[in-house]
Protein chains: 2
Amino acid sequence: MVNSEVALDAVFGALSDATRRAMLARLASGPATVGELGAPFGITKGAVSKHVKVLERSGLLIRDVQGRVHRCELEPEPLSQAAHWVDEVRAHWEARFDALADYLEELQAGAVPSAAKGESRD
Amino acid sequence: MVNSEVALDAVFGALSDATRRAMLARLASGPATVGELGAPFGITKGAVSKHVKVLERSGLLIRDVQGRVHRCELEPEPLSQAAHWVDEVRAHWEARFDALADYLEELQAGAVPSAAKGESRD
DNA sequence: TGAATAGTTTACCAAATGGTAAACAGTGAA
DNA sequence: TTCACTGTTTACCATTTGGTAAACTATTCA
């Protein structure tokens, strides 16, 4: 398993929880303390601390300790990596259909390739 | 928790495993049987079956049972949902910086707003 | 019919996850 | 100095997860 795959594990893993996604959405509009991040959810401080730590480990959140408050900020880089992975797969998938469309168009144009008999497609 | 959030939980959860991501990448270039999907990994049929089921539950994979083989196909819709969520957060984040850039530009232009004294930013 | 094949299911295991309660550590302020 | 506050840590719990081995189901084919 490559290193970037480990990172994607952590990033997608962090995103797979609705509480953490809400925290990230909150952070997208500006920094917040751990307390502020946890306030909307009826969970204990311990649980909030864990969620923030998961986000931090995934690289999606960076923390700046200022006295007794921890100022958290969104780090968008891992989001880009995740988006890139998703886009790659989607692009690959769509390319397949583009190729199929081209093929069908060729067929329609009368230029029937010899491979058209049987079910050799795929 | 809204329904779409439940779906995102499942989608991001499915993506958080490197084996399943590799399976999806494989499916992006065309359909495959459960056996073909599992072949690259040194895991048992049972484990493969579980991974495929996770992908299916998340909506990322659809299955067409043809006799004794299960033909699996990528369903890109949930990928779009995931990409959309990520893009929303990134857009929101970038908008914040655009606003900051505008503000700094205004400052440079000499139109110093009264709020510019002290460190009231953030 | 009987054997091989494709895949699921069951029972089990160890580790990870999301949560709690309560103790703890450090900081700020009266 | 003492108290309130922010956040982490520890111990614990139930559930989920990723894996195995082995039994089972259903289909294909000789």
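To find a chain, count down the sequence lines: A is the first, B the second, and so on, and within it residues start at 1.
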Problem - Working for side-chain contact (heavy atoms from CB on, under 4.5 Å), residues A:Val89 and B:Leu74 - result: CA-CA 10 Å; A:Val89 172; B:Leu74 176 66; 3.9 Å; yes
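- Between B:Pro78 and B:Val11 the shortest heavy-atom distance is CB-CG2, 3.7 Å.
- Along DNA chain C, the nucleotide nearest B:Glu36 and the nucleotide nearest A:Arg57 are compared for position; the residue whose nucleotide lies closer to the 5' end is B:Glu36.
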Problem - side-chain contact (heavy atoms from CB on, under 4.5 Å) evaluation trace for B:Glu75 with B:Leu60 - result: CA-CA 5 Å; B:Glu75 168 57 58; B:Leu60 285 162; 5.9 Å; no
Problem - Residue pair B:His51, B:Asp17: steps toward the side-chain contact (heavy atoms from CB on, under 4.5 Å) verdict - result: CA-CA 9 Å; B:His51 279 304; B:Asp17 182 276; 3.6 Å; yes
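- At a threshold of 4.0 angstrom between heavy atoms, the contacts of B:Gly13 with the nucleic acid are absent.
- If you take CG of B:Leu55 and P of C:dG7, they are 15 Å apart, rounded to a whole angstrom.
- Counting all heavy atoms, side chain and backbone alike, B:Leu27 lies closest to B:Cys72 at CD2-O, 3.4 Å.
- Looking at heavy-atom distances under 4.0 Å, B:Gly38 makes no contact with the nucleic acid at all.
- Near-neighbour residues of DNA chain D inside residues 43-54 of chain A, defined by a heavy atom below 4.0 Å, number-ordered: A:Lys45, A:Gly46, A:Ser49, A:Lys53.
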Exercise for the section: Give the intermediate values and the outcome of side chain to side chain donor-acceptor pair (under 3.5 Å) for residues B:Arg96 and A:Ser29. Expected result: CA-CA 7 Å; B:Arg96 236 191 106 237; A:Ser29 59; over 6 Å; no
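- When all heavy atoms of B:Arg90 and A:Leu79 are compared, the pair lying nearest together is CG-CD1, 3.8 Å.
- Contact annotation: A:Arg20 side-chain N/O to C:dG18 OP1/OP2 distance is under 4.0 Å.
- Spacing between atom CG of B:Leu37 and atom P of C:dT8 amounts to 10 Å, rounded to whole angstrom units.
- Close approach of DNA chain D to chain A, defined as any atom under 4.0 Å from a non-hydrogen atom of the protein, starts and stops at D:dA4 to D:dT9.
- Nearer the 5' end of DNA chain C, as judged by each residue's closest nucleotide, is the contact made by A:Asp17, out of A:Asp17 and A:Gly67.
- For A:Gln66 and C:dT27, the CD to C1' distance is 13 Å, given to the nearest whole Å.
- Clustering ILVMFWY residues whenever any of their side-chain heavy atoms sit less than 4.5 angstrom apart, transitively, puts B:Phe41 in the very cluster that holds B:Val48.
- In this structure, B:Arg68 atom CZ and C:dG7 atom P are separated by 9 Å, rounded to whole Å.
- Across the protein-nucleic acid pair, B:Asp64 atom CG and C:dA6 atom P stand 17 Å apart, rounded to whole Å.
- Checking A:Arg71 against A:Thr33 by side-chain atom types alone, no donor-acceptor pair falls below 3.5 Å.
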